[in-house]
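Below you'll find the structure, written out as C-alpha cells, and then a few comments.
Owing to the predicted nature of the structure, the values given are computational and were not obtained by experimental measurement.
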Amino acid sequence: MTQELLTTLFGWMAVLNIAVLLFSTLMIVLLQEWAVTVHGRMFQMEPPEVRRAYFRYLANYKILTLIFCIIPWLALKLV
C-alpha cells in the first residue's frame with residue numbers, strides 16, 4: 001500500500017465516521033424523549049441512566065474516531 005492510498009483510506013474513514021457521529025448526535029437530540037422511553041423499557045433503565053449512556057456512547061465514538069481515523073490521516077498528510 002502506498003502512502004497516497006493510505007491517506008485516502010483514512011480520509012474516507014474519517015468522513016464516514018464523522019457522518020455517523022453527526023447523524024447519531026442529531027437523532028439523539030431530536031428524538032431524545034422517544035428514544036429514552038424505548039431504550040429505557042428495552043433495557044430496564046431509568047431515563048437518567050439512558051441519557052448518561054447516550055452521552056458515553058457519543059463521547060467514546062468521538063474519541064475513537066479521532067484516534068483511529070483523524071490522527072492517522074493528519075499524520076499521513078503531514079509526512
Side-chain angles (χ1 to χ4, degrees):
M1 288 189 138
T2 64
Q3 181 179 345
E4 199 174 298
L5 181 64
L6 282 174
T7 304
T8 304
L9 175 73
F10 280 110
W12 280 110
M13 278 175 43
V15 167
L16 291 173
N17 278 293
I18 290 169
V20 169
L21 180 63
L22 288 173
F23 179 75
S24 298
T25 303
L26 189 62
M27 289 298 106
I28 287 173
V29 168
L30 293 177
L31 304 173
Q32 185 174 16
E33 292 307 315
W34 176 78
V36 166
T37 304
V38 169
H39 291 134
R41 273 192 259 140
M42 201 186 296
F43 300 111
Q44 288 87 37
M45 295 171 68
E46 295 297 320
E49 286 180 86
V50 176
R51 288 186 178 92
R52 276 194 298 278
Y54 289 158
F55 184 76
R56 256 182 280 141
Y57 158 73
L58 292 173
N60 288 336
Y61 199 93
K62 182 171 46 174
I63 290 168
L64 290 172
T65 299
L66 183 68
I67 291 171
F68 290 111
C69 298
I70 297 171
I71 292 175
W73 173 79
L74 189 60
L76 286 166
K77 281 299 236 188
L78 294 175
V79 169

Listing, residues 34-41 side-chain donor-acceptor contacts under 3.5 Å, not counting sequence neighbours, or none:
unit_1: Thr37; atom_1: OG1; unit_2: Glu33; atom_2: O; d: 2.8
unit_1: His39; atom_1: ND1; unit_2: Ala35; atom_2: O; d: 3.2
unit_1: His39; atom_1: ND1; unit_2: Tyr54; atom_2: OH; d: 2.5

With sequence neighbours left out, the residues meeting side chain to side chain contact (heavy atoms under 4.5 Å, CB included) with Leu16 are none
Residue set satisfying side chain to side chain contact (heavy atoms under 4.5 Å, CB included) with Gln3, at least two apart, ordered chain then number -> Thr7, Leu76, Val79
Distance col, row Met13:CE vs Trp73:CH2, nearest 0.5 angstrom, shows 13.0 Å
In the single-linkage hydrophobic clustering (I, L, V, M, F, W, Y; side-chain heavy atoms under 4.5 Å), do Leu74 and Leu5 co-cluster? yes
Next item on the list: Report whether Phe68 and Met1 are members of the same hydrophobic cluster (ILVMFWY, side-chain heavy atoms less than 4.5 Å apart, transitive linking).
Entry: no
Note: Cys69 and Ala14 closest approach over all heavy atoms is CB-CA, 3.8 Å
Donor-acceptor list for residues 56-64 side chains, cut-off 3.5 Å, not counting sequence neighbours:
unit_1: Tyr57; atom_1: OH; unit_2: Ser24; atom_2: OG; d: 3.1
unit_1: Asn60; atom_1: ND2; unit_2: Arg56; atom_2: O; d: 3.3
unit_1: Tyr61; atom_1: OH; unit_2: Asn17; atom_2: OD1; d: 2.7

Leu22 meets the side chain to side chain contact (heavy atoms under 4.5 Å, CB included) criterion, sequence neighbours left out, with Ile18
Applying side chain to side chain contact (heavy atoms under 4.5 Å, CB included) to Glu46 and not counting sequence neighbours gives Pro48, Glu49
Hydrophobic cluster membership, with links at side-chain heavy-atom distances under 4.5 Å among I/L/V/M/F/W/Y: are Val29 and Leu31 in one? no
- prompt: Can Ile70 be reached from Ile67 by stepping across I, L, V, M, F, W or Y side chains whose heavy atoms are under 4.5 Å apart?
  reply: no
